[in-house]
Enquirer: 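Pasting a structure here, questions to come.
Both ligands and their constituent atoms are indexed starting at 1 by order of listing.
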Amino acid sequence: MSKKNKFRSSEWYNSKTHRRDTFVHRGWMRNQGHPNHLFDGRPVIGICNTWSELTPCNGHFREIAESVKKGVFEAGGFPLEFPVFSASESNLRPTAMLFRNLASMDVEEAIRGNPIDGVVLLMGCDKTTPSLLMGAGSVDLPTIGISGGPMLNGHHRGETIGSGTGVWKLDADLNAGIISEDDFIDAEISMSRSKGNCMTMGTASTMGSMVEALGISLPGNAAIPAVDARRYSLSYMSGKRIVEMVKENLTFSKIVTKKSFENAIKVNGAIGGSTNAVIHLAAVAGRLEIDLNLNDWERCGKNIPTIVNLQPSGKYLMEDFYYAGGVPYVIKQLLERKLLNENEMTVNGKTILENNKDAKCWNTDVIKDFNEPLISDGGIKILKGNIAPNGAIIKPSAASEHLMKHKGKAVVFESVEELHDKIDDPNLDVDENSILVLKNCGPKGYPGMAEVGNMRLPQKVLKKGIRDMIRVSDARMSGTAFGTVILHTSPEAAVKGPLAAVQSGDMIEVDVYKGIMNLLVDQKIIDERLKNYNPILPEIKGGYQKMYVDHVMQADKGADLDFLVGKRGAEVKRHSH
Ligand code: FES
């Protein structure tokens with residue numbers, strides 16, 4: 001092999017100048033039975049695996065890794081699978097988001113520190129996608145993503161039920177006395193009846209779609225169900241392709257540019273994607289040294305109709321979306337209207353236009369036509385005003401039309417504990433016109449910015465048959481949730497952002513059409529309240545949580561740790577044995 005074509009892994013496995021090191025690097029690897037010829041300078045492909053039995057959405061990832069390995073071998077590469085921190089949305093406390101940045105550090109250092117020439121990222125459950133993209137972005141090797149795919153549609157007592165979205169509905173029905181405890185428990189396995197991640201257009205499926213829109217996966221990645229043979233075929237082909245990418249030196253940052261993020265924002269609008277995409281894409285962009293801010297969401301997301309009729313905004317689930325044509329057909333419709341940067345490169349060496357121009361639709365009720373969309377102005381809306389000088393967000397497609405322009409009396413909860421204690425208090429001064437306000441649930445306040453923004457409605461309101469009210473917080477919400485929920489208010493209350501000044505009884509004005517949210521209280525009073533405000537801060541006993549609260553940035557900056565922003569590359573100092 002000529003020096004020009006020498007891959008990074010050769011520094012470990014083919015050095016003629018440091019023979020003792022080479023012996024150690026190769027020799028210890030060979031205890032796994034790898035024959036000599038696999039160390040001949042061929043591309044070494046890392047398979048970065050978030051498999052864990054505690055992350056049920058990623059529980060099938062070792063099978064996916066096996067398919068990737070077959071493809072890598074076929075293309076003449078040497079695949080090596082390695083585990084990284086797996087942040088489970090359904091199990092991890094206090095919130096998986098607290099550990100997204102920790103996981104990204106693990107990913108970054110594992111890729112950089114090992115003899116890897118290219119990397120395949122196996123991602124699925126919500127935070128596993130951004131954490132892997134963030135870590136891999138900071139290293140910037142040739143990278144290809146594979147999502148684990150959604151679960152099959154849930155079916156329960158004659159009804160189709162979707163992950164997360166179904167839980168919120170069942171919970172509301174249980175609280176309103178419409179269903180029994182037994183009905184509620186019986187729905188569990190009916191909802192989660194196969195391997196895979198949440199099959200609504202929640203955060204996992206949104207991020208899978210973002211991976212596809214960014215061009216960092218093969219086309220069709222997002223929607224193939226986890227148990228469908230085509231998921232394993234795509235994994236095989238991804239393994240094959242990454243070997244070529246290493247030979248072409250087609251690195252992460254050559255694929256994902258500012259223009260790819262603009263495409264992703266538009267695709268997010270068209271699919272009715274999760275609000276969490278805003279925070280995760282900002283964090284990934286930060287790692288690639290690309291400035292992506294809320295103004296970009298406003299600029300690119302404007303006038304993009306939501307055409308994908310999936311829960312929580314619509315009716316269907318990911319399995320239906322795949323059979324209807326999936327993300328490729330959504331991209332095709334955006335391309336036809338000249339809404340995308342069509343020459344953006346993707347991992348297969350083709351542009352987004354080349355990949356998707358011939359996509360077809362097989363069910364126009366699932367993927368609607370642009371001229372008859374589900375919601376004419378979908379996407380994520382940015383709200384600004386004296387409560388949120390750095391912005392807050394809302395997903396209008398999951399909200400109630402009649403609340404888009406509304407003035408109401410604030411009912412304030414200083415913490416999530418206070419919310420749980422008081423929300424069902426019969427003496428709480430609240431009705432359907434009130435605006436529920438929750439503080440101290442932002443990045444530093446919770447910490448980790450929990451998905452508690454879609455506050456449960458008071459029982460006395462639920463019993464009237466009301467199912468939505470305006471809710472405002474510095475928290476996030478699950479991508480599977482719905483309602484007129486204003487999130488990510490920045491700066492957060494815990495750093496004395498103006499949200500901290502809101503008191504019960506104050507009037508708040510929200511106009512989603514105009515992008516405003518204001519506290520109708522004199523500015524002098526607001527300033528005075530902020531001066532005297534004592535945020536409820538969490539007790540931090542040290543460890544990672546201490547580092548997190550000391551360094552986490554606000555929601556509008558992606559809630560990454562300040563010292564993790566940027567590309568640090570793949571170079572690493574040689575350690576002599
Ligand atoms: Fe894992 Fe929803 S809990 S994707």
Side-chain angles (χ1 to χ4, degrees), residues 49-62 64 84-100 103 121-133 145-154 160-171 187-212 217 221-228 231 268 271-277 279-280 310-313 317-319 321-322 327 395 398 448-454 476-482:
N49 202 341
T50 47
W51 169 84
S52 165
E53 287 183 339
L54 285 165
T55 306
C57 308
N58 299 11
H60 58 301
F61 277 23
R62 304 200 80 183
I64 289 188
V84 287
F85 189 105
S86 185
S88 163
E89 198 62 33
S90 56
N91 275 328
L92 262 184
R93 289 184 179 175
T95 167
M97 181 63 174
L98 177 63
F99 304 107
R100 182 199 66 177
L121 308 176
L122 304 191
M123 319 173 277
C125 195
D126 296 15
K127 304 302 173 288
T128 59
T129 301
S131 61
L132 267 56
L133 293 174
I146 304 174
S147 300
M151 289 185 253
L152 296 174
N153 289 359
T160 304
I161 52 171
S163 324
T165 308
V167 180
W168 319 132
K169 285 203 166 105
L170 287 159
D171 183 52
E188 289 172 355
I189 201 161
S190 313
M191 183 178 289
S192 305
R193 70 187 184 94
S194 84
K195 294 167 183 175
N197 54 243
C198 291
M199 81 319 248
T200 42
M201 188 51 84
T203 303
S205 293
T206 298
M207 290 310 294
S209 304
M210 295 298 92
V211 164
E212 194 170 333
S217 74
N221 167 69
I224 308 172
V227 295
D228 192 304
R231 168 73 49 203
N268 187 71
I271 62 174
S274 162
T275 48
N276 283 318
I279 217 159
H280 296 324
L310 252 60
Q311 295 180 29
S313 305
L317 296 169
M318 286 300 286
E319 192 184 342
F321 183 41
Y322 178 56
V327 172
K395 180 176 167 183
M449 206 182 171
E451 292 187 331
V452 292
N454 57 318
R476 295 177 304 116
M477 80 168 175
S478 163
T480 60
F482 52 89

Enquirer: Report yes or no: does Ser205 contribute a side-chain atom to a donor-acceptor pair with the main-chain N or O of Cys198 at less than 3.5 Å?
Expert: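 Yes; judged by distance alone, with no hydrogens or angles, the pair exists.
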Enquirer: Do Lys169's NZ or CZ and the ring of Phe482 fall within the cation-pi criteria of under 6.0 Å and 45°?
Expert: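 Yes - Lys169 lies over the ring of Phe482, closer than 6.0 Å to its centre and within 45° of its axis.
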Enquirer: With a 3.5 Å distance limit and no angle check, can you tell me whether Thr165 reaches the backbone of Thr480 through a side-chain donor-acceptor pair?
Expert: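 It does hold such a pair.
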Enquirer: Within the distance-only criterion (no hydrogens, no angle test), does the side chain of Ser131 pair as donor or acceptor with the backbone N or O of Thr128 below 3.5 angstrom?
Expert: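 Yes, the answer is positive, given that a donor and an acceptor are paired below the 3.5 Å cut-off.
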Enquirer: Is a donor on one side and an acceptor on the other found under 3.5 Å between the side chain of Lys195 and the backbone of Gly59?
Expert: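 Answer holds: no.
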Enquirer: Can you check the number of protein N/O/S atoms within less than 2.8 Å of atom 2 (Fe) of ligand 1?
Expert: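 That number is 1, waters not included.
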Enquirer: Contact between His280 and Arg100 at the side-chain level, heavy atoms closer than 4.5 Å - yes or no?
Expert: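 When only atoms from C-beta onward are counted, Arg100 and His280 do touch, with a gap below 4.5 Å.
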